[in-house]
Trainee: 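Can you keep this structure in mind? I'll have questions shortly.
Just so it is clear: chains get the letters A, B, ... in the order the sequence lines come, proteins before strands, and each one is counted from 1. Source: prediction; values computed, not measured.
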Number of protein chains: 2
Amino acid sequence: MAQSDTVDRILDAAEELFAERGFSETSLRMITSKAKVNLAAVNYHFGSKNALIHAVFARFLTPFSATLEDAFDDLEAKCDGEPPTLNQTLWALTESAVRMPQRNEKGISIFMRLLGLAYTQSQGHLRKFLEQEYSQPFSRFMRLLKEATPQLSAVDRYWRIQFMLGATAFTMSSSDALRDILQNKLGVETTVQEIAARLVPFLAAGMQADDAMLVPPAHKTSVA
Amino acid sequence: MAQSDTVDRILDAAEELFAERGFSETSLRMITSKAKVNLAAVNYHFGSKNALIHAVFARFLTPFSATLEDAFDDLEAKCDGEPPTLNQTLWALTESAVRMPQRNEKGISIFMRLLGLAYTQSQGHLRKFLEQEYSQPFSRFMRLLKEATPQLSAVDRYWRIQFMLGATAFTMSSSDALRDILQNKLGVETTVQEIAARLVPFLAAGMQADDAMLVPPAHKTSVA
DNA sequence: GTCTGTTTGAAACATACGTTTGACCGGCAG
DNA sequence: CTGCCGGTCAAACGTATGTTTCAAACAGAC
């Protein structure tokens with residue numbers, strides 16, 4: 001047992017269960033019994049369930065945000081003054097995510113699902129935690145997006161970023177289920193990397209959709 | 001009190017609270033106290049909390065799926081043999097949603113958020129309920145999408161539909177919060193209809209992204 | 001008015017939750 | 001050996017949940 005792998009066992013079990021079931025739907029007793037540790041260990045090592053949730057995110061997000069900053073550094077250095085393109089920016093992000101050292105084969109998709117849940121489940125404490133801990137790489141990404149789409153108005157860009165976020169979080173958050181369905185229906189195997197490779201062009205195309213298309217059709221009973 | 005508006009008061013309160021806080025995070029006591037009815041009324045009229053959740057969805061979804069079928073009928077009649085375009089299909093969907101008779105001004109966005117939650121929160125019973133109750137309009141929509149994008153392979157189309165679903169569910173599920181942020185940061189008011197008007201072109205563009213873009217960049221440490 | 005079936009009301013039910021407690025163990029400094 | 005201290009453990013704490021109970025209130029038919 002070395003010094004105490006209890007902490008890591010709790011984090012592993014919590015990460016997996018949170019991703020499967022959500023935060024409120026996962027009890028400490030589920031976590032501790034899956035981790036094969038005593039119930040009190042969570043409160044002893046982390047203080048509270050909320051603090052455990054934060055720790056699960058921090059374990060992934062802290063090294064990831066460092067990796068991401070490096071990727072952005074490389075990208076901006078390579079572009080040498082010119083703002084990186086939208087495709088380059090999106091790829092820098094997904095490459096950073098995919099290249100993260102992973103504890104097991106489902107590492108990335110588990111964490112994508114957690115991020116999706118963090119946005120969806122109205123856990124106020126989590127949003128606050130994420131915003132104040134990782135605001136720097138986030139706003140840097142936003143700045144790159146802005147420079148890559150100068151033709152968009154601020155409002156258009158704002159909404160399209162939300163659309164991108166939604167497509168990504170939602171897809172990745174249920175990527176396991178979606179992969180299974182595809183496997184059963186069409187007999188096709190898919191990796192997270194391949195999903196990302198399909199997602200990025202979709203996002204880029206949507207982000208750069210022609211403004212002329214923004215006009216809704218004639219407002220009759222149905223489409224024009 | 002007529003015959004019994006208790007049922008409706010419960011449904012109204014439940015709908016709003018579920019949308020605000022999620023299903024597990026909303027207790028029957030919150031619902032009944034907001035609805036100003038007795039706690040036991042929920043179990044008396046609906047049988048269980050899960051059945052109440054189903055009833056909330058059915059109250060909106062049943063008339064909506066009828067409206068949607070009509071819209072698809074109109075669309076296919078108008079196109080007269082030719083398959084409707086992607087834009088037409090997406091607009092038929094959003095128009096149907098927007099035109100639904102609403103109990104209050106936030107009707108649509110509340111319900112969009114509920115649909116998003118239904119997909120996100122792993123409430124097995126809800127997914128099962130929705131799938132078996134509303135499979136018909138869903139598969140019809142899928143067929144229209146297929147006919148509108150014949151150039152896509154089945155696998156490409158499958159994933160891009162997931163991306164669309166994600167962008168829509170995610171955006172709508174947090175549309176209140178997103179509207180508030182936009183209001184504060186840029187001082188812009190937005191309606192659900194306007195969000196839809198921005199979303200549809202984004203989805204259509206992403207759906208029809210050039211296949212050539214599907215190739216990832218050179219697999220070096222960063223982007224090519 | 002009386003009866004009958006339906007709806008409400010206050011209270012209790014059993015269960016599950018997050019958290020706290022205090023005893024216990026094992027290694028290590030004195 | 002003694003004393004300590006970080007860590008583990010079983011058990012209990014108080015609270016909140018979904019559900020059930022049963023008496024009271026109500027409506028409409030006769």
Trainee: Kindly state whether the ring of A:F60 and the ring of A:F64 have centres lying under 6.0 angstrom apart.
Mentor: yes

Trainee: Let me know the distance between CZ of B:R9 and P of C:dT7, rounded to the nearest Å.
Mentor: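 Taking CZ of B:R9 and P of C:dT7, I get 15 Å after rounding.
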
Trainee: For the pair made of NE2 in B:H125 and P in D:dG18, what is the distance, rounded to whole Å?
Mentor: 12 Å

Trainee: Go through the structure and list residues passing side-chain hydrogen bond (donor to acceptor under 3.5 Å, both in side chains) with A:N43, not counting sequence neighbours.
Mentor: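 None.
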
Trainee: Checking A:T94 now: which residues fulfil side-chain hydrogen bond (donor to acceptor under 3.5 Å, both in side chains) with it, not counting sequence neighbours?
Mentor: none

Trainee: Can you list the residues that meet the salt bridge (charged side-chain N to carboxylate O under 4.0 Å, His left out) rule with B:K34, with sequence neighbours excluded?
Mentor: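 Salt bridge (charged side-chain N to carboxylate O under 4.0 Å, His left out) check on B:K34 returns B:E16.
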
Trainee: Rounded to the nearest Å, what distance is computed from the CZ atom of residue B:F46 to the C1' atom of nucleotide C:dT7?
Mentor: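 So the two atoms are 14 Å apart, to the nearest Å.
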
Trainee: In whole angstrom, give the distance that lies between atom CD1 of B:I53 and atom C1' of D:dG18.
Mentor: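 From B:I53 CD1 to D:dG18 C1': 12 Å.
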
Trainee: What is the distance, rounded to the nearest whole Å, between atom NE2 of B:H45 and atom C1' of C:dG9?
Mentor: 12 Å

Trainee: Rounded to whole Å, please give me the gap between CG in B:D5 and P in D:dA27.
Mentor: 13 Å

Trainee: Figure out the CG/P separation between A:N38 and D:dA12, and round it to whole Å.
Mentor: 14 Å

Trainee: Listed by chain and number, what are the side-chain hydrogen bond (donor to acceptor under 3.5 Å, both in side chains) partners of A:R59, not counting sequence neighbours?
Mentor: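 A:R59 satisfies side-chain hydrogen bond (donor to acceptor under 3.5 Å, both in side chains) with A:D12, A:E15 once adjacent residues are dropped.
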
Trainee: With B:S27, which residues qualify under side-chain hydrogen bond (donor to acceptor under 3.5 Å, both in side chains), at least two apart?
Mentor: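 For B:S27 there are no side-chain hydrogen bond (donor to acceptor under 3.5 Å, both in side chains) partners, ignoring immediate neighbours.
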
Trainee: Once each nucleotide of nucleotides 12-19 of chain C is scored for protein heavy atoms under 4.0 Å, what B/S/- sequence comes out, 5' to 3'?
Mentor: B----BBB

Trainee: By ring pair (Phe, Tyr, Trp, His ring centres under 6.0 Å), which residues pair with B:F129, not counting sequence neighbours?
Mentor: B:H54

Trainee: Report all interatomic pairs (protein N or O, nucleotide N or O of nucleotides 23-25 of chain C) with separations under 3.5 Å.
Mentor:
none

Trainee: Round to the nearest Å and state the distance from B:K36 atom NZ to C:dG9 atom P.
Mentor: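 Rounded to whole Å, this separation is 13 Å.
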
Trainee: Not counting sequence neighbours, which residues clear salt bridge (charged side-chain N to carboxylate O under 4.0 Å, His left out) with B:E147? List them please.
Mentor: B:R143

Trainee: Using the ring of each side chain (for Trp, its six-membered ring), is B:F72 parallel, tilted or perpendicular to B:F141, with breaks at 30° and 60°?
Mentor: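 Correct class here is parallel.
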
